Amino acid sequence: MSTVTVFASDGSWIESDAVDQCHQVAALEGVSHVAGMPDLHPGKGAPIGAAMMSTVLYPFLVGSDIGCGIAVFPIGLKRAVPEKLAGRFPDLDVEPDAGDPAWDVLDGDVPAGHLEGLGTVGRGNHFVELARIGTVLEPDHAARLGVAAGDVVLVVHSGSRGLGERILRAHTEVHGAGPAADPGAYLAAHDEAVRWGSLNRRLMAARVALALGAEPAAPIVDECHNLVEVRDGAYLHRKGAAPGDGRDVLVAGTRGTPSYLVAAHAGAEAGYSVAHGAGRKMSRSDALRRGRAKHTVEELRRTPVGSVVVCGDRQLLFEEAPTAYKRIEQVIADLAGHGLATPIATTVPLVTYKTAELGPRPRRDRQDHRRGRGRS
DNA sequence: ATGTAC
């Protein structure tokens, strides 16, 4: 008999479709337990914000962005004027040049020999953000991490780009949503994607540090929230759920609100996991439709916390509007209330890079494309 | 979230 537990308070609204998806996963052969995080929301087939324990390995429960995660890097900047720094970000939609010194941080290590997309951020909810440590709730723990109020850090949320997608597709083309026929082979490829994702975050952080006149540094936190690990003799699948057993994790807010560094201490019932972010409150299509009625592009590019969002794609800007996400404070309160995590400090955005402002990216005429469709 | 197909 399998179980589903959702770690959210009554005050936290969770879409019923997402809970339905948890029960659908729980009904799969081999699945013993599904833990829903407070940022639980519906995904493509499987819920996002869930840890799923099973004796059978299901690649689709991890999804295509194997190795996606969030890392935090120290960056030695004192004065940080968002408008000035925004213009100095490198183009993270394209790989670094062959001679770029940022490559040095990889020491020639290119997992799976996959160079395509290495050093690029991708789309969707991915971002590279310069942020300032705001409220410090656990000074001793923050000091152990080497950060204090006012320090500038770099937060990188990205994954394995085309590599993870290729690994999942190779499986689904033959087995669809079925189990991995050769779990060992899947895990070997998966582990390379996890490593690739982490190195990708590291490379991007180096690119940005060098572009802003700072030294590349090792991450103080690097957590992967799309992966599978062998745990308690079974496969623990995480989809939008960060490893939460004695590790420090950055739980991402939105591009106009703080994020939270937390000390995670989740047990078996929570799938040894914590939330990975605020969680979507609206689908991308709803966010676009409602956002166009509610926000101007200008207010999304210059946020209530005074940060600048670099995003040459208007549709993405609306899809990723802070109002499309749940309140991060509620997610953190739910984690703390259930004993899954202790907040250490907040990070407050200064500059968030989503996608290049100008450049060679071909852009469709959204006005014509959208006219006559949907409501206004 | 992705590369690719429309």
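Chain letters run A, B, ... following the sequence lines, proteins first, then strands; residues in each count from 1. From a predicted model like this one, the values you see are computed outputs, not experimental measurements.
- Remark: P of B:dA1 and NZ of A:Lys239 are 7 Å apart, rounded to the nearest angstrom.
- Between A:Glu116 atom CD and B:dG3 atom C1' there is a gap of 9 Å when expressed in whole angstrom units.
- Here the P atom of nucleotide B:dA1 and the CH2 atom of A:Trp196 are 16 Å apart, to the nearest Å.
- Side-chain contact of A:Thr355 with A:Arg123: a donor-acceptor pair under 3.5 Å is present, judged by distance alone.
- Here A:Arg169 does not reach the OP1 or OP2 of B:dT4: none of its side-chain N or O atoms lies under 4.0 Å away.
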Report all side-chain donor-acceptor pairs from residues 130-147 of chain A shorter than 3.5 Å, counting only partners two or more places apart or in another chain.
from: A:Arg132; atom 1: NH1; to: A:Gly150; atom 2: O; distance (Å): 2.6
from: A:His141; atom 1: NE2; to: A:Asp248; atom 2: OD1; distance (Å): 2.9
from: A:His141; atom 1: NE2; to: A:Asp248; atom 2: OD2; distance (Å): 3.1

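- Using a cut-off of 4.0 Å between Lys/Arg side-chain N and Asp/Glu carboxylate O, A:Arg195 and A:Asp109 are scored as salt-bridged.
- Heavy atoms of A:Arg161 sit under 4.0 angstrom from primed sugar atoms or phosphate atoms, though from no base atom.
- Taking atom CD1 of residue A:Ile167 and atom P of nucleotide B:dG3, one finds them 13 Å apart after rounding to whole Å.
- Rounded to whole Å, atom P of B:dA1 lies 8 Å from atom NE2 of A:His276.
- A:Arg123 places its CZ atom 9 Å from the P atom of B:dT2, with the value rounded to the nearest Å.
- Every residue two or more places apart in sequence or in another chain that forms a side chain to side chain contact (heavy atoms under 4.5 Å, CB included) with A:Asp17 is listed here: A:Glu15, A:Asp20, A:Pro42.
- Straight-line distance from the CG atom of A:Leu61 to the P atom of B:dA1: 17 Å, rounded to whole Å.
- Atom C1' of nucleotide B:dT4 and atom CG of A:Leu168 are separated by 16 Å, given to the nearest angstrom.
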